[in-house]
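When reading the values below, keep in mind they use all heavy atoms of this one structure, side chains included, and skip hydrogens, waters and symmetry mates. Everything quoted here is computed from the prediction, not taken from an experiment.
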Amino acid sequence: MSEKKEKKPSFLDQILTENPVFGLYLGICSTLAITTSLNNALGMGIAVLVVLVLSNILVSLVAGITPDDIHIPVYIVIIATLVTMVGMLIQAFTPSLYTALGAFIDLIVVNCIILGRAEAFASKNGVAESAKDGFMMGIAYTISLIVMSLIRQILGTGILSLSNPTSNATIFALRLIPEGFEIPLFTTQPGAFLTFAILAAGIAAYKNAKNKPVKKGVKA
């Protein structure tokens, strides 16, 4: 009898179980700080996604010729160079977003997700696999930011809005909660921690339920 092939996890399942923010607790500082609006979340998410994919590719290419005693500094130089380039592009084309994100753009260099994937995965795998890993981690991080920003922006201000970062023109602005019924707490730091805790608990519950062994029925 042929052995059953192990079922590959779906894209959604990978996003949830291997979520870098709510599952692995990486990149929390930027997540808590900049998720006050959808614009900030999208800007930071795309920046990290680009750096993750490119850094994974470059680390994968140079890992074989990099001495073990200096591989971490080499990876940091690669990441820092990419972050500087991305930061300059954001400042040039979306100055309002650059101002809103502030120092957190530069702090992408020390984001645990990026250096962690470079060291744990990209340095040990080929270019294609490393690029895919960077893309998956970047998408998961971006989704985490978007979910947190949606909750905080809607509950804190009552309005869901998005503007064009290059011109600051409003793309849409919808009031979902009547005036006077907003919860300003969610626009503050305690609100960020509360939102993070609820989402992290939800992911943990999902992982526990998925890993729970299925009890087989006893036959008579």
Would you give the length of the straight line joining atom [atom1] of [X] to atom [atom2] of [Y], rounded to the nearest 0.5 angstrom?
X      : Y      : atom1 : atom2 : value
Leu97  : Ile46  : CG    : CD1   : 9.0 Å
Ser55  : Tyr75  : OG    : OH    : 11.0 Å
Thr35  : Ile151 : OG1   : CD1   : 9.5 Å
Ile108 : Ser30  : CD1   : OG    : 8.0 Å
Leu42  : Ser149 : CG    : OG    : 7.0 Å
Leu49  : Met137 : CG    : CE    : 11.5 Å

- For Arg152, enumerate each residue passing the salt bridge (charged side-chain N to carboxylate O under 4.0 Å, His left out) test, keeping only those at least two apart in sequence or located in another chain.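 In terms of salt bridge (charged side-chain N to carboxylate O under 4.0 Å, His left out), with neighbours along the sequence ignored, Arg152 is linked to no residue.
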
Would you call [X] and [Y] a side-chain contact if the rule is heavy atoms closer than 4.5 Å?
X      : Y      : result
Thr195 : Phe186 : yes
Ile105 : Gln91  : no
Thr188 : Leu185 : yes
Thr142 : Val48  : no
Leu155 : Glu182 : no
Thr31  : Tyr141 : yes
Ile78  : Leu58  : yes

- Task: Return yes when atom CZ of Phe172 has more than 12 non-hydrogen atoms of other residues, nucleotides or ligands closer than 6.0 Å, and no otherwise.
- Result: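 Yes.
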
- What do you reckon, is NZ of Lys124 surrounded by more than 12 foreign heavy atoms closer than 6.0 Å?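 More than 12 within 6.0 Å, yes.
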
If only side-chain N and O atoms count, and only distance matters, is there a donor-acceptor pair under 3.5 Å linking [Y] with [X]?
X      : Y      : value
Asn39  : Ser163 : yes
Ser161 : Gln153 : yes
Asn19  : Ser144 : yes
Asn125 : Ser130 : no

- Taking it one step at a time, do Leu174 and Ile159 satisfy side chain to side chain contact (heavy atoms under 4.5 Å, CB included)? CA-CA 5 Å; Leu174 304 172; Ile159 299 172; 5.9 Å; no

Can you see which heavy atom on [X] is nearest to which on [Y], and at what distance?
X      : Y      : answer
Asn40  : Ile34  : CB-O, 3.0 Å
Leu145 : Gly45  : CD1-N, 3.7 Å
Val53  : Ala131 : CG2-O, 4.2 Å
Val59  : Ala122 : CG1-CB, 4.0 Å
Gly134 : Asn56  : N-ND2, 3.3 Å

- Query: Is Lys207 salt-bridged to Glu18, cutoff N-O under 4.0 Å?
  - Reply: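 Looking at Glu18 together with Lys207, the answer is no, because their closest N to O distance does not fall below 4.0 Å.
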
- For the residue pair Tyr25 and Phe196, categorise the inter-ring angle as parallel (less than 30°), tilted (30 to 60°) or perpendicular (more than 60°).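 Taking Phe196 first and then Tyr25, their aromatic rings stand perpendicular (interplane angle over 60°).
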
